[in-house]
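Values below: every heavy atom of this structure, side chains too, minus hydrogens, waters and symmetry copies. Residue numbers start from 1 in every chain, and the chains themselves are labelled A, B, ... in the order their sequence lines are given, proteins ahead of strands.
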Number of protein chains: 4
Amino acid sequence: MNGEAQVRIDLSSPEPAYRQIAGQVRALIVEGALAPGATLPAVRRLAIDLGVHFNTVAEAYRQLAEEGHIDVSHGRVARVVARQVPPAEPEKVAQYQARLRNLLAEARSAGLTREQFRELFEGDEP
Amino acid sequence: MNGEAQVRIDLSSPEPAYRQIAGQVRALIVEGALAPGATLPAVRRLAIDLGVHFNTVAEAYRQLAEEGHIDVSHGRVARVVARQVPPAEPEKVAQYQARLRNLLAEARSAGLTREQFRELFEGDEP
Amino acid sequence: MNGEAQVRIDLSSPEPAYRQIAGQVRALIVEGALAPGATLPAVRRLAIDLGVHFNTVAEAYRQLAEEGHIDVSHGRVARVVARQVPPAEPEKVAQYQARLRNLLAEARSAGLTREQFRELFEGDEP
Amino acid sequence: MNGEAQVRIDLSSPEPAYRQIAGQVRALIVEGALAPGATLPAVRRLAIDLGVHFNTVAEAYRQLAEEGHIDVSHGRVARVVARQVPPAEPEKVAQYQARLRNLLAEARSAGLTREQFRELFEGDEP
DNA sequence: GTGGTCTAGACCACG
DNA sequence: GTGGTCTAGACCACA
């Protein structure tokens, strides 16, 4: 998976590394780039590739496992799981609306126009 | 500003409270809901309204002041500043693309469809 | 909470320490010994009391937080949350039946009679 | 023995596979479903039936042999042994009480009522 | 003050 | 080989 360097982290970001890793792997899964059954790199392997401690990667994998995205068990390689997403509760939707709105505001105060931001979204087809 | 409860925070979110506050106030400014010259609520007042420690609100205001969105130097009231937004550097744009992508992935894994997510964006006209 | 030493762990058990801690605190909550709103000991405090590293306690708290039993956020003390338990799915019930059956079998092979085991259950009224 | 699929394991459980297998076979022996002298399935056979590596089954058998429940010394087939159970030490009893209590707490936090849990126990007559 | 994150590395458990 | 757990302790973030 990461021979092509599909995961990149920024240690200077306020976002913790383990959550960046989880977020990017989650994105690959949700977008279908990592299909059900696909194997993930070993935690120690990916850790070396990313230049972090293996515990950091393990933490990311653990979070994905809790969400049901991947299956990790003792002694076995981590694998993507075929998962059915439950329908989103309205409460969740509102929460994401707030988060999207905040992200947009932050982007605009960093100099992006609303149009630029929309293009980021449109140009991101899976 | 907050008589109409335009700011709401979710303490159970992984996003720290002070950044939620800053993000939402920043959104109001960037969208024009808070015009240059407008006064912001007093730190202690907003803190009470939101049910957080006033240090938390102060931290949010401090960040907005650092970004140049508000001015807190004249006496006690914070005022919105007319600010020039510099054009976004390509590096910044890429960073926001990554963040948007992660947010979308998280939303989708929480049950939102891509279409639902887009609607969140479209339905958020300033 | 732990002035009365309500939590005890056995490091020689195959059960990891953090899961023992989580299990016992969960028991106190479910049984009502720790009511909603009650504060839990600070992770570093409980760690000292139990003779483990604070990371171990933090791991237990994190698990309880994920389950929705407690509320932990940055800078705040951990508190028990008023939680509504969703109805148990049949699949879950079967899983616990298997686990109970295994525990009983293990107990019997360790010398407990079936009757002794039942008394353990009956004598454990909250 | 396993033509009737009396043993089932759940790979997603935190309980390791080998211990699940040992636990369930032990249950069958203690409950009398597998009488002294009965033969157990070959390691490789059961491994195939359960979809696990045969080392996993071998580990389970090894543990049962160590406990004195089965005998693997005569040739290749494992046989159930007539065994004297020593009376349980009070320390052991307390240990099982703790484990039962934790299991109950976990079950209740998963949505089972205390009554449902008791029924699991009652409905499990050998 | 509180909890969160990360590194470092030992040692274990599992398959 | 794989992942899991724990310790040790630094340093950060938050209220």
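Between the side chain of D/Gln63 and the backbone N or O of D/Arg19, no donor-acceptor pair lies under 3.5 Å. Using a distance-only test at 3.5 Å, with no hydrogens or angles considered, no donor-acceptor pair links the side chain of B/Arg108 to the main chain of A/Glu31.
An OP1 or OP2 oxygen of E/dT2 is reached within less than 4.0 angstrom by no side-chain nitrogen or oxygen of C/Arg45. Regarding contacts with the backbone of E/dA13, every side-chain N or O of D/Tyr18 stays at 4.0 angstrom or more from both OP1 and OP2. Side-chain N/O atoms of C/Arg19 include one lying less than 4.0 angstrom from OP1 or OP2 on F/dT5. For E/dT7, one of the phosphate oxygens OP1 or OP2 lies less than 4.0 angstrom from a side-chain nitrogen or oxygen of A/Thr56.
One atom, CD of D/Glu59, and another, P of E/dC12, lie 15 Å apart when rounded to the nearest Å. One can place CD of A/Glu15 at 14 Å from C1' of F/dA13, the figure rounded to the nearest angstrom. In this structure, NE2 of A/His53 is placed 15 Å from P of F/dC6, rounded to the nearest angstrom. At whole-Å resolution of the value, CD1 in C/Ile48 and P in E/dG1 are 13 Å apart. Residue C/Tyr61 contributes atom OH, which lies 15 Å from atom C1' of E/dG4 at whole-angstrom precision. Note: CD (C/Gln63) to P (F/dG4) measures 13 Å, nearest angstrom. The nearest whole Å value for the distance from the CG atom in A/Leu46 to the P atom in F/dG1 is 19 Å. Residue D/Phe54 contributes atom CZ, which lies 10 Å from atom C1' of E/dG15 at whole-angstrom precision.
Nearest heavy atoms, B/Ala58 versus B/Val43: N-CG1, 3.9 Å.
Both A/Ala42 and C/Arg44 sit near DNA chain F, but only A/Ala42 has its closest nucleotide nearer the 5' end. Taking for each of A/Val52 and C/Val72 the nucleotide of DNA chain E with the nearest heavy atom, the 5'-most of the two is the partner of C/Val72. Residues C/Ala58 and A/Leu11 each lie close to DNA chain E; by heavy-atom proximity, the contact nearer the 5' end of the strand is made by C/Ala58.
Closest to the A/Val77 side chain, of the nucleotides E/dC14, F/dT2, E/dC6, is F/dT2.
Between the base of F/dG3 and the side chain of A/His74 there is a donor-acceptor pair shorter than 3.5 Å. In this model, no side-chain donor or acceptor of A/Asn55 finds a partner on the base of F/dG3 within 3.5 Å.
Using a cut-off of 4.0 Å between Lys/Arg side-chain N and Asp/Glu carboxylate O, D/Glu15 and C/Arg99 are scored as not salt-bridged.
Under the Watson-Crick or G-U wobble criterion, with both distances below 3.5 Å, E/dC14 is paired with F/dG1.
Among the protein residues, D/Ala17 comes within range of the sugar-phosphate backbone only, with heavy atoms under 4.0 Å from sugar or phosphate atoms but none that close to a base.
Inter-residue side-chain proximity for C/Arg26 and D/Glu106 is flagged as met; some heavy-atom pair is nearer than 4.5 Å.
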